[in-house]
Amino acid sequence: MPELPEVETIKNELLPQVKGCHFVGVSLLRPEVLRQPEASEFGPRLYGQRVEDIHRRGKYLLFHLSSGERLILHLKMSGLLLIRPSFAQVEPYTTAIFRLDDRKELHFCDRRKLGAMWLVEDENKIIGRLGPEPLDANFSPQVLSRSLGRHRVPIKALLCDQNLIAGIGNMYADEALFAACLHPLTKADSLSSQEVGRLHQAIQEVLERAIAGKGASTDTYRRPNGQLGSAHFEFQVAHRGGEPCYSCGILIERISIRGRGSYFCPNCQRGGLQGRLF
DNA sequence: ACCACAACCTGGCCGC
DNA sequence: TGCGGCCAGGTTGTGG
């Protein structure tokens with residue numbers, strides 16, 4: 001599942017391939033992927049535009065176009081962006097093909113069909129409500145503390161809230177809580193300042209390590225060249241239910257929080273307990 | 001304002 | 001072997 005490190009990797013590896021290229025055609029194989037504008041308007045507005053830059057915001061990818069417009073993509077659960085040669089074979093579940101002027105194509109594939117795409121003049125209509133970027137210099141422990149302090153919900157649920165912090169999903173929330181020795185059910189507003197500091201550092205370290213590993217290929221994720229990421233080999237708890245903790249040997253448990261699988265070590269993640277759980 | 005939950009989607013996995 | 005049902009999870013919308 002593409003979260004911040006996966007989308008960051010896609011951005012990093014796509015950029016040298018498409019920066020400076022012009023769009024010379026687009027095929028919408030599944031027009032429902034396009035949320036804005038109407039499908040009939042999409043091709044004409046994209047045609048001839050140069051890709052000036054690509055940015056990431058949370059889990060969104062933003063293509064900066066020469067007109068000043070933004071082509072925005074969200075990969076949701078199973079979206080892939082693949083660079084292919086012209087007239088390459090089209091994989092199943094391809095929803096859109098962008099043709100570039102250097103005989104390359106950008107394929108948007110999406111097995112679960114949840115991904116989405118916009119072409120807009122004002123990106124803030126799409127990404128304006130996102131919380132701060134966890135790897136930005138201005139994401140301080142104080143900023144994190146302010147986000148957490150007003151909510152009496154399990155810390156795990158808050159870490160996945162894109163309006164509070166942008167880019168963290170289920171896997172990296174579990175990994176950050178393990179690294180901070182915090183139980184996922186701990187009420188967010190009960191964290192001490194030391195615990196918030198630990199969590200802040202854990203979030204940044206877990207995300208940076210996953211970016212260094214080019215993302216985690218636990219499910220369908222692949223990089224634009226088709227290769228897998230390696231970040232999941234370093235996972236301590238995510239998707240490791242029933243396996244022994246690398247730190248203490250106790251079996252990793254899985255519970256459901258807000259309908260999402262949450263993996264944690266019941267021995268290492270006692271922080272936040274002491275009667276503060278429920 | 002805050003919180004919970006269903007819906008979207010499909011391949012894979014489980015139990016019978 | 002086959003089939004029904006459930007699960008994965010990011011985001012939006014609805015309702016309490």
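Below, chain A is the first sequence line, B the second, and so on; all start at residue 1.
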Q. Is the NZ or CZ atom of A:R70 both under 6.0 Å from the centre of the six-membered ring of A:Y60 and within 45° of that ring's axis?
A. no
Starting at atom [atom1] of [X], determine the distance to atom [atom2] of [N], rounded to an integer number of angstrom.
X	N	atom1	atom2	result
A:N170	C:dC7	CG	P	15 Å
A:R258	C:dT11	CZ	P	15 Å
A:K156	B:dC3	NZ	C1'	17 Å
A:D174	C:dG10	CG	P	10 Å
A:R152	B:dC2	CZ	P	13 Å
A:R129	B:dC2	CZ	P	12 Å
A:I255	C:dC7	CD1	P	16 Å
A:D110	B:dC9	CG	C1'	9 Å

(Q) In this structure, would A:L34 and A:F98 fall into the same cluster of hydrophobic residues linked by side-chain contacts under 4.5 Å? (A) yes
Q: Remember a base hit wins even if backbone is also touched, and classify A:M1 as base, sugar-phosphate or nothing at under 4.0 Å, heavy atoms.
A: sugar-phosphate
(Q) What's A:R260 touching, base or sugar-phosphate or nothing? Going by heavy atoms closer than 4.0 Å. (A) base
Q: Among B:dG11, B:dC9, B:dA4, find the nucleotide with the atom closest to the side chain of A:K113.
A: B:dC9
Q. Among B:dG11, B:dC9, C:dG10, which is the nearest nucleotide to the side chain of A:K76?
A. C:dG10
Please determine if a side-chain N or O atom of [X] lies less than 4.0 Å away from the OP1 or OP2 oxygen of [N].
X	N	result
A:Q162	C:dG10	no
A:H74	C:dG10	no
A:H239	C:dG9	yes

Q) Between A:I126 and A:L114, which is nearer to the 5' end of DNA chain C once each is assigned its nearest nucleotide? A) A:L114
Q: Can you see which heavy atom on A:G259 is nearest to which on A:S256, and at what distance?
A: CA-OG, 3.5 Å
Q. Angle class for the A:H239/A:Y263 ring planes (parallel below 30°, perpendicular above 60°, tilted otherwise)?
A. tilted
Q | Flag for A:Q201-A:E205: side-chain donor and acceptor within less than 3.5 Å | A | yes
